[in-house]
Amino acid sequence: MAVNAQRFLDDLHKLREFGASGVGNGVSRPAYSDADIAARRWLAGRFAEACLEPHFDPVGNLFGLAPGKSLLMGSHSDSQPEGGWLDGALGVVAALELARSGDRPISVVSFQDEEGRFGVTTGSAIWSGKLPLEHADDLIDHGGMRFSAARGRMRDLAQGFVDPNRFTGFLEMHIEQGPVLDTNKEKIGVVTDIVGIRDMVIEFSGQQNHAGTTPMHLRRDAFQALSAFNSLINDRFKNVVSPQTVWTIGHVDVHPSASSIVPGQVRFSMQWRDGDVDRLARMESIIRASAEEIGRAIGVEFRFGQMLGIEPVEMDPELRQSLEDGAQTVAPGTWRVMPSGALHDASNVAALMPVAMVFVPSINGISHDFAEDTSEADLVIGLQVLEAALASH
Ligand code: HGY
Ligand code: MN
Ligand code: MN
């Protein structure tokens, strides 16, 4: 039985309604929010209608389990605070459509907190054994909520962890979240490998004081420390990074954040990504040394939070080949192999079983923004590539 493209699109649009925000297809559905939990409950119902056993694990990962051994497919249904309707959701709904339209056993998963409200791809990191649950429970989001309290919001649904040995491999379809396919007017990206990531919170603590009476040379201004730190690492990274290396200070909390007060404390996220573990380590050394130097120079204390990280992973050659065959069948001449600069649950699942990923284009390369979008025609091509890959594998 062939996939039902309209049913697939209808479920994607229905899922978008949970946390619909901003303009167009924007979504705000952070892990463990009311919208996220409602979306997972709805997905569980759709899994049951597809004769898949809905199963929530202790951290909110939602599985739709086929009996016996099966191929696992899926992604995540939580979003960034300002996200799009397709990041993660596409992979979950595509997996559901393939599970309910095909005749081979396929289980479906929507991992929890892939977007790292608390950690980095938290739900699949815990399920894969990379992040011990007792460590995860101490993680705190930028609003000060503990992971243990957040996952407690789903305690009425929680069952045990699913045994990964029931699955033969993992396939994930995802939007590219970058400009390559869109710029080159291509329809499909078969992923070769996923970059590694490091992520931690850094704090500078100086002296809060009056913005009018405190001479500049006597200040221990925590924001000035961050500003000097950022300039220093940008300069020192020049000798280490490649054109593919990225680093981001995405969250900054200035305290007490008042116009007439010299900031006494700054707490910020420091995240960096690359395909080379040695380069990630060298960047970490520069970050730690630069924070210490700035601390001494400006007279502020510095503190590093727990560093989270995921190593770069290669996709499974055999599963990847089936995706390439599917792409060649469905989209000849308009597909390419490519690395992933975005992190995905597949990075963690690769520790348990063979994994592979396929991308569809992101219009204007936009993602992690309400404007994230992909044409419905391209979404259906991605679904058909997965269907063709399964037929040949
Ligand atoms: O940040 C990432 O790469 C993923 O979209 N969470
Ligand atoms: Mn994602
Ligand atoms: Mn994302």
Side-chain angles (χ1 to χ4, degrees), residues 12 15-16 19 21-22 25-31 33 36 39 61-62 73-95 109-126 128 130-131 139 141-142 170-180 189 191 193-200 244-251 269-275 280 308-313 338-350 355 357-362 365-374 379 382:
L12 267 179
L15 182 49
R16 177 173 58 82
S21 303
N25 288 336
V27 158
S28 181
R29 200 167 58 222
S33 61
D36 170 62
N61 293 318
L62 168 62
M73 297 182 72
S75 190
H76 60 94
S77 54
D78 62 292
S79 83
Q80 285 285 335
E82 293 193 8
W85 68 305
L86 295 169
D87 181 350
L90 171 63
V92 176
V93 176
V109 63
S110 168
F111 286 113
Q112 181 58 291
D113 197 27
E114 188 280 342
E115 296 293 3
R117 174 182 170 188
F118 291 92
V120 173
T121 60
T122 320
S124 57
I126 294 166
S128 64
K130 287 191 175 176
L131 176 60
L139 293 172
D141 74 356
H142 289 319
F170 178 64
L171 280 181
E172 181 172 4
M173 174 153 78
H174 206 283
I175 49 174
E176 179 202 335
Q177 300 183 287
V180 173
V191 177
D193 55 291
I194 304 174
V195 294
I197 190 172
R198 299 291 182 266
D199 196 314
M200 67 176 167
Q244 284 70 43
T245 313
V246 291
W247 59 97
T248 312
I249 296 177
H251 172 85
S269 61
M270 183 75 237
Q271 184 191 97
W272 59 108
R273 307 183 192 202
D274 194 83
L280 289 171
L308 298 171
I310 296 180
E311 304 314 308
V313 289
M338 60 189 290
S340 174
L343 259 288
H344 298 287
D345 293 305
S347 297
N348 291 317
V349 181
V355 307
M357 289 193 72
V358 63
F359 285 162
V360 295
S362 292
I366 299 290
S367 182
H368 285 189
D369 183 286
F370 289 145
E372 169 192 292
D373 206 355
T374 301
L379 296 175

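Ligands are counted one by one from 1 in listed order, and the atoms in each one are counted from 1 as well.
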Notebook entry, point to check: H344: heavy atom below 4.0 Å from ligand 1, yes or no?
Noted result: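 In this structure, H344 fails to qualify as a contact of ligand 1 - no heavy atom is under 4.0 Å.
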Next item on the list: Using a cut-off of strictly less than 2.8 Å, determine whether H76 has an N/O/S atom near the Mn ion (ligand 2).
Entry: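 An N, O or S atom of H76 is closer than 2.8 Å to the Mn ion (ligand 2), so yes.
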Margin query: Quick check for you: with the Mn ion (ligand 2) as the vertex, what angle do NE2 of H174 and OD1 of D87 span, to 10°?
Written below: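 NE2 of H174 and OD1 of D87 make an angle of 90° at the Mn ion (ligand 2), to the nearest 10°.
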Check: Taking non-hydrogen atoms only, is H76 closer than 4.0 angstrom to ligand 1 via side chain, backbone, both or neither?
Finding: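 Contact part for H76 vs ligand 1: neither.
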Checklist line | salt bridge (charged side-chain N to carboxylate O under 4.0 Å, His left out) assessment of R29 paired with E115 | finding: CA-CA 10 Å; R29 200 167 58 222; E115 296 293 3; over 6 Å; no
Protein heavy-atom partner closest to [atom] - residue, atom, separation in Å:
atom	value
atom 6 (N) of ligand 1	E115 OE1, 2.9 Å
atom 1 (O) of ligand 1	R273 NH2, 2.8 Å
atom 5 (O) of ligand 1	H368 NE2, 3.0 Å

Checklist line | Of all N/O/S atoms in H368, the name of the one nearest the Mn ion (ligand 3) | finding: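 Nearest N/O/S atom: NE2.
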Item checked: Whether E114 has an N, O or S atom under 2.8 Å from the Mn ion (ligand 3) ->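 Short answer: no, not a single N, O or S atom is under the cut-off.
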Notebook entry, point to check: Are any of the N or O atoms of Q80 closer than 3.5 Å to those of ligand 1?
Noted result: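 Between Q80 and ligand 1, no N or O pair is found under 3.5 Å apart.
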Notebook entry, point to check: Under 4.0 Å from any heavy atom of L343, which atoms of ligand 1 are there?
Noted result: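 Counting from 1, the qualifying ligand atoms are 2 (C), 3 (O), 4 (C).
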